[in-house]
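Computation of the quantities below employed the complete heavy-atom set of this structure, encompassing side-chain atoms and omitting hydrogens, waters and symmetry-equivalent molecules. All chains are named by letter (A, B, ...) in the order of the sequence lines, taking the proteins before the strands, and each is independently numbered beginning at 1.
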4 protein chains.
Amino acid sequence: MTKNKIKEVACKQLAESGYERATLSSIAKEVGIKTPSIYAFYKNKEDLFMAVYKDLLEDYYFYITNSVQNITDGTVKEKLYQIIKELCHYHLSQPEKTASYTKLAFVLPPTLNDDVRETFSEMEVVLSELLRDIFSKGIEQEVLKNQPVDDLIASFLCLMDGIFLELIYYQEAKFKRRVEQTWSIYWNGICKKLDE
Amino acid sequence: MTKNKIKEVACKQLAESGYERATLSSIAKEVGIKTPSIYAFYKNKEDLFMAVYKDLLEDYYFYITNSVQNITDGTVKEKLYQIIKELCHYHLSQPEKTASYTKLAFVLPPTLNDDVRETFSEMEVVLSELLRDIFSKGIEQEVLKNQPVDDLIASFLCLMDGIFLELIYYQEAKFKRRVEQTWSIYWNGICKKLDE
Amino acid sequence: MTKNKIKEVACKQLAESGYERATLSSIAKEVGIKTPSIYAFYKNKEDLFMAVYKDLLEDYYFYITNSVQNITDGTVKEKLYQIIKELCHYHLSQPEKTASYTKLAFVLPPTLNDDVRETFSEMEVVLSELLRDIFSKGIEQEVLKNQPVDDLIASFLCLMDGIFLELIYYQEAKFKRRVEQTWSIYWNGICKKLDE
Amino acid sequence: MTKNKIKEVACKQLAESGYERATLSSIAKEVGIKTPSIYAFYKNKEDLFMAVYKDLLEDYYFYITNSVQNITDGTVKEKLYQIIKELCHYHLSQPEKTASYTKLAFVLPPTLNDDVRETFSEMEVVLSELLRDIFSKGIEQEVLKNQPVDDLIASFLCLMDGIFLELIYYQEAKFKRRVEQTWSIYWNGICKKLDE
DNA sequence: AATGAATGAGCCTTCATTCAT
DNA sequence: TATGAATGAAGGCTCATTCAT
């Protein structure tokens with residue numbers, strides 16, 4: 001379907017070149033159609049990239065929530081580590097989507113800004129709730145130190161952000177070592193040491 | 001001096017709108033000159049923004065290294081915390097520079113890319129060396145668990161990256177709480193527990 | 001067809017004002033379109049003028065070769081004289097094309113230079129072959145002195161060049177007298193004097 | 001003297017790139033001054049290039065007339081041949097001036113046009129008179145066929161034009177052979193055949 | 001005599017968009 | 001659904017030129 005191919009190419013070029021340089025004409029050329037044909041499917045350049053963005057978020061959201069929900073029976077540590085793992089895997093396995101996402105998140109045409117921010121924080125809310133469950137249970141089960149769940153959530157989100165940023169800058173090998181180290185330190189920090 | 005005013009306005013508009021939307025003509029208008037006058041001082045749009053970028057890096061570099069070197073007599077913990085503090089303070093006190101920096105780091109015209117990446121990693125090397133000193137001493141003094149210094153550096157850089165990213169997204173109050181929490185967890189993770 | 005009209009106007013303005021002064025915007029104005037519309041048909045200013053130039057050469061080539069081939073039954077003298085005549089007629093009847101041609105041949109944007117020179121010498125090769133036939137037969141039939149055919153070709157091309165240059169500088173009447181005289185002298189020079 | 005250096009560089013760049021591309025700023029750069037300094041010596045770009053052109057013509061004029069007057073004692077044939085030789089030598093020994101001259105003669109900014117044409121034809125008048133002397137004597141001495149001197153002049157000028165044009169297009173070696181052949185044919189045409 | 005600063009005019013080009021077909 | 005033609009708006013850039021110093 002042409003409509004989807006346009007969206008995919010738009011996403012790819014967004015990843016490579018950012019919003020401004022991802023020209024409708026260059027997208028059209030790569031799709032193999034003429035520029036005005038895009039307007040048969042999308043009202044606007046903005047419209048097209050909002051669609052791209054919504055897809056990106058949805059895709060990411062399904063991936064992460066699915067991953068988390070599929071490991072209902074692991075320990076708290078396993079679950080959290082799994083989230084990090086899935087975060088890394090998601091971005092490493094489809095770097096184009098991540099690059100695309102990044103461009104949209106950092107440099108936006110002013111008109112798109114509000115819409116994007118909105119879906120962006122919706123996303124975070126969902127993730128926060130998932131984490132809240134895990135952390136609450138962790139404290140209940142006395143696997144984690146007893147501390148405000150909101151803070152735990154915040155610190156975990158911060159960890160994810162840090163990893164996300166590194167993921168953009170470093171090569172895969174270098175990056176993976178860093179993740180392991182950071183995770184281990186993170187875990188040793190929040191867990192309740194029973195046996196020490 | 002007009003040359004500097006141009007650079008400042010360029011930086012400001014870069015922060016607000018990104019490279020593509022920071023038009024030479026809009027910069028000129030804000031400076032109060034006509035567009036072609038910019039070419040009396042900068043060869044290019046690229047040239048101008050490379051100057052902006054170099055300034056940004058230099059400024060940041062001096063700030064951080066100065067901060068670190070000025071606290072030679074603190075404990076390891078104090079030193080590291082000071083770095084985080086200074087990182088936050090730097091970005092919070094001049095959000096425009098940070099925004100500018102971010103735009104350049106994430107969405108670049110292809111030609112600038114190489115130059116920027118280069119100065120970027122130079123920066124990291126310098127910071128790494130500063131950290132190496134601190135961590136080495138920390139291990140010597142048995143304040144830190146004995147672990148590979150390179151890993152400690154990597155994990156601290158990751159912490160900084162995470163904080164940096166959050167700093168871009170959250171309001172000051174919300175952000176500060178997160179930093180405290182993350183730092184405390186980080187520290188508890190790497191410090192050697194003597195008394196447990 | 002707009003594409004052709006653009007080419008024609010470009011040719012006309014080239015004749016009048018040369019490459020640099022034949023502005024895309026002035027061409028567009030004369031065609032009755034807006035400047036960017038030109039880009040729907042030609043990739044470039046260069047591209048447009050290459051098209052103009054190719055047309056010019058092709059047109060000239062067809063005219064001359066046709067003329068020569070149509071007088072298969074004349075004498076050698078008639079044939080050569082016919083070529084001169086046609087040369088004059090071609091340029092006199094469409095001075096604009098000639099002027100255009102001249103501008104391109106003498107003052108070129110550096111990028112066009114190579115392409116133009118190439119098509120230019122292709123042209124000469126073709127004409128040389130036509131002349132070779134005529135001169136060879138002339139010598140065979142003992143109408144011409146026995147002398148290297150290559151030299152005869154060279155001298156005739158030189159004659160054509162001279163006439164071409166004068167044609168640009170003089171008025172028609174003055175010019176025509178000169179041609180007659182030059183031709184007569186040329187012919188008396190190369191023809192075999194029966195009584196020698 | 002700076003004024004002269006400007007003129008020389010202007011001439012050189014004119015030869016290389018034509019009037020439009022011979023920018024005041026590029027001239028200034030090659031001279032080693034700043035662009036506005038040119039205005040201390042020349043009112044205008046036009047003014048500068050008119051000076052260049054006048055120099056060019058004067059230089060050429062002195063060269064040719066001197067050459068001709070210096071061979072008062074040769075035969076008519078020798079004199080004419082000498083003119084051709086000097087024409088070739090002049091252009092071959094300083095191709096830059098010739099190129100410059102050509103650019104000005106063929107593609108001119110409209111304002112310069114009239115002035116240039118005028119000095120141009122003044123030049124031709126002088127040369128014509130020199131030739132008139134030679135041809136008249138040639139006829140008197142019965143070395144040349146008895147024919148209208150004006151026609152002889154015209155035909156010789158045409159020969160010179162032809163050679164001039166070839167000189168621009170061909171390499172020196174190729175060019176020299178052509179000149180010899182053309183000259184011989186020319187001479188055999190106008191000379192009185194003793195045996196007729 | 002020389003120049004730093006500034007500018008009006010203008011050029012080539014690209015882009016998103018429209019509209020008739 | 002698709003496109004050829006056209007365009008308004010704008011962008012980066014260059015150039016000749018001026019003027020105060």
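The nearest whole Å value for the distance from the CG atom in D47(C) to the C1' atom in dC12(E) is 14 Å. Taking atom CD1 on I27(A) and atom C1' on dT14(E), their separation rounds to 15 Å, with Å as the unit. As a whole-Å value, the separation of F41(C) CZ from dT7(F) P is 10 Å. Taking atom OH on Y42(B) and atom P on dG11(F), their separation rounds to 20 Å, with Å as the unit. Between the CZ atom of R21(C) and the P atom of dG10(E) there is a distance of 12 Å, given to the nearest Å. For the pair M1(C) CE and dG4(F) P, the interatomic distance rounds to 12 Å; values are reported in whole Å. Across the protein-nucleic acid pair, K5(C) atom NZ and dA6(F) atom C1' stand 15 Å apart, rounded to whole Å. When rounded to the nearest whole Å, the span between NZ of K29(D) and P of dA16(F) equals 13 Å.
Contact between the side-chain N/O atoms of K45(C) and the OP1/OP2 oxygens of dC12(E) is found at a separation under 4.0 Å. Contact check, N44(A) against dA16(E): no side-chain N or O comes under 4.0 Å of OP1 or OP2. Remark: S37(A) is in phosphate contact with dT3(F), judged by side-chain N or O atoms under 4.0 Å from OP1 or OP2. Between S25(A) and dA16(E) there is no side-chain N or O to OP1 or OP2 distance below 4.0 Å. The side chain of T2(C) places an N or O atom within less than 4.0 Å of a non-bridging phosphate oxygen (OP1 or OP2) of dA6(F).
Put simply, the side chain of E96(B) never gets that close to the backbone of A15(B): no donor and acceptor are under 3.5 Å apart. S17(C) places no side-chain N or O within 3.5 Å of a backbone atom of L14(C) that could act as its donor or acceptor partner. T102(B) places a side-chain N or O within donor-acceptor distance of the main-chain N or O of T98(B), the cut-off being under 3.5 Å. Counting only distance, with no hydrogens or angles, the side chain of Y42(D) and the backbone of K3(D) share a donor-acceptor pair below 3.5 Å.
The side chain of P36(A) approaches dC19(E) more closely than any other nucleotide in the set dC19(E), dA5(E), dT7(E). Comparing dT17(E), dG11(F), dT7(E) by their closest approach to the side chain of I33(B) singles out dT7(E).
Positionally, the nearest nucleotide of DNA chain E for G32(B) lies more toward the 5' end than for the other of G32(B) and A22(A). Where Y39(B) and T35(C) each meet DNA chain F at their nearest nucleotide, the meeting point lying more 5' is that of T35(C). Along DNA chain F, the nucleotide nearest K34(C) and the nucleotide nearest L24(D) are compared for position; the residue whose nucleotide lies closer to the 5' end is K34(C).
In this structure, Y39(A) has no ring pair (Phe, Tyr, Trp, His ring centres under 6.0 Å) partners at least two apart in sequence or on a different chain.
Figure legend: cation-pi geometry between K45(B) and Y19(B), with NZ or CZ positioned under 6.0 Å from the six-membered ring centre and within 45° of its axis.
E16(C) has no carboxylate O lying under 4.0 Å from a charged side-chain N of R21(C), or vice versa, which leaves the two without a salt bridge.
With a cut-off of 3.5 Å on both pairing distances, the Watson-Crick and G-U wobble pairs of DNA chain F assemble into stems of 3 or more at E:2-21 with F:2-21.
When every heavy atom of V31(C) is checked against every heavy atom of K5(C), the shortest pair comes out as O-NZ, 3.6 Å.
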